[in-house]
Amino acid sequence: VAHEINNPLGGILNCLYNLRKGTLSPARQEEYLASMEDGLRRVQKIVRQLLDFSKQHNPELALADINQVVNRVLLLTDHLFGPHRVALETELSTDVPELMIDRHMMEQVLMNLVLNAIQAMRTGGLLRIRTFVDGTNCMVEIKDTGCGIPASVLPRIFDPFFTTKSEGEGTGLGLSVSLGIVERHGGKIFVDSEVGRGTTFTLSIPLTSERYPIGRFS
């Protein structure tokens, strides 16, 4: 994590050094300012992930429609599908009742899984999302046709700070934070993957409208 933070900071310091020389053209100055802003946003994102990981606070539960949460995430990530040549299919069941969840936390989980899926399909592919009821649980399935996860790596993907992404692309906290959120909702995350064929993450969330006592899943 220190390495992930130091890299953009080094770039920002280099930009500042060049700007202070006062010999840059206005266009070049704008390029350096944009680069500095990008670097600062990267650092901000890493710090936010660290805070999410360290706080591990209890969800603020309220009745919410999981399909609306899914659609909200897809609205926020819609601009990524075209450039990455990713097609989207959704199958959101109308049989799923409202769930007692922290809508913002669950949005964070789904956002992370959707972004991971898009990144896994580097040459394009299909992202399929569906919701359905299985017994006493609501299931949210996120399936991609990306590169897949090797069997040797699969047991470690939820470990804090473990990542297979390139330098500057991740801290290895996204899946760990997501798992913690789902478990504090009394749920589980299942993953099935095959190299070269894709990966499926499935969230299982209890079908209940009861408000749990604070700390039950901490």
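Positions are given from 1, in the same order as the sequence printed here.
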Inset, instruction - Go through the steps to decide whether Leu63 and Met100 satisfy the test side-chain contact (heavy atoms from CB on, under 4.5 Å), and finish with yes or no. - result: CA-CA 4 Å; Leu63 285 173; Met100 187 64 77; 4.1 Å; yes
Inset, instruction - Verify side-chain contact (heavy atoms from CB on, under 4.5 Å) between Val191 and Thr202, making sure each step is shown before the conclusion. - result: CA-CA 6 Å; Val191 57; Thr202 306; over 6 Å; no
Inset, instruction - Begin from the C-alpha positions of Leu207 and Leu99 and carry the test side-chain contact (heavy atoms from CB on, under 4.5 Å) through to its verdict. - result: CA-CA 6 Å; Leu207 287 176; Leu99 307 174; 3.5 Å; yes
Legend entry - Criterion side-chain contact (heavy atoms from CB on, under 4.5 Å) on Asp65 and Arg103, from CA distance to verdict: CA-CA 9 Å; Asp65 184 337; Arg103 184 173 61 83; over 6 Å; no
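Of the inter-residue distances, the one linking His84 atom NE2 with Thr77 atom OG1 reads 11.0 Å to the nearest 0.5 angstrom. Taking CG from Asn116 and CD1 from Ile157, the interatomic distance works out to 9.0 Å, rounded to the nearest 0.5 Å. Remark: Leu179 CG to Ile189 CD1 distance equals 5.0 Å, nearest 0.5 Å. For the atom pair CZ of Arg72 and CG of Leu76, the computed distance is 4.0 Å after rounding to the nearest 0.5 Å. Atoms CZ and CD1, from Arg156 and Ile149 in turn, are 13.0 Å apart once rounded to the nearest 0.5 Å. Taken to the nearest 0.5 Å, the CG atom of Leu61 stands 11.0 Å off from the CZ atom of Arg184.
The heavy-atom pair separating Phe158 from Ser176 by the smallest distance is O-CB, 3.5 Å. Residue Pro206 comes nearest to Gly186 through the heavy atom pair CG-O, 3.4 Å, listed as atom of the first residue, atom of the second, then distance. The minimum heavy-atom distance between Leu113 and Leu175, with the atom names listed, is CD2-CD2, 3.7 Å. Closest approach of Ile129 and Leu92 over heavy atoms only: O-CD2, 4.2 Å. Between Ala117 and Leu127 the shortest heavy-atom distance is CB-CD1, 3.7 Å. Across all their heavy atoms, Arg122 and Arg85 have their closest contact at O-NH2, 4.1 Å.
In this structure, the side chain of Ser204 does not engage the main chain of Lys188 through any donor-acceptor pair within 3.5 Å. Between the side chain of Arg20 and the backbone N or O of Leu16, no donor-acceptor pair lies under 3.5 Å. A donor-acceptor contact shorter than 3.5 Å is absent between the side chain of Asp78 and the backbone of Leu74. Between the side chain of His185 and the backbone N or O of Asp102 there is at least one donor-acceptor pair closer than 3.5 Å. Side-chain N or O atoms of Ser35 include none that pairs as donor or acceptor with a backbone N or O of Glu31 at under 3.5 Å. Asn112 places no side-chain N or O within donor-acceptor distance of the main-chain N or O of Ser178, the cut-off being under 3.5 Å.
Salt bridge present: Glu91 and Arg128 bring a charged side-chain N and a carboxylate O closer than 4.0 Å.
Here the side chains of Glu30 and Leu33 are in contact, with some heavy-atom distance below 4.5 Å. Put simply, the side chain of Val109 does not reach to within 4.5 Å of the side chain of Met105, judged on heavy atoms.
Residues Asp192 and Thr200 bring no donor and acceptor atom of their side chains to less than 3.5 Å of each other.
Under the 4.5 Å side-chain heavy-atom criterion for grouping Ile, Leu, Val, Met, Phe, Trp and Tyr, Val195 is not connected to Phe201 through any hydrophobic cluster. No continuous path of ILVMFWY side-chain contacts below 4.5 Å connects Ile66 to Phe190, so the two sit in separate hydrophobic clusters.
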Result block: side-chain N/O donor-acceptor pairs under 3.5 angstrom for residues 132-147, not counting sequence neighbours:
unit_1	atom_1	unit_2	atom_2	d
Glu141	OE2	Arg130	NE	2.9
Asp144	OD1	Gly146	N	2.8
Asp144	OD1	Thr199	N	3.2
Thr145	OG1	Leu126	N	2.9

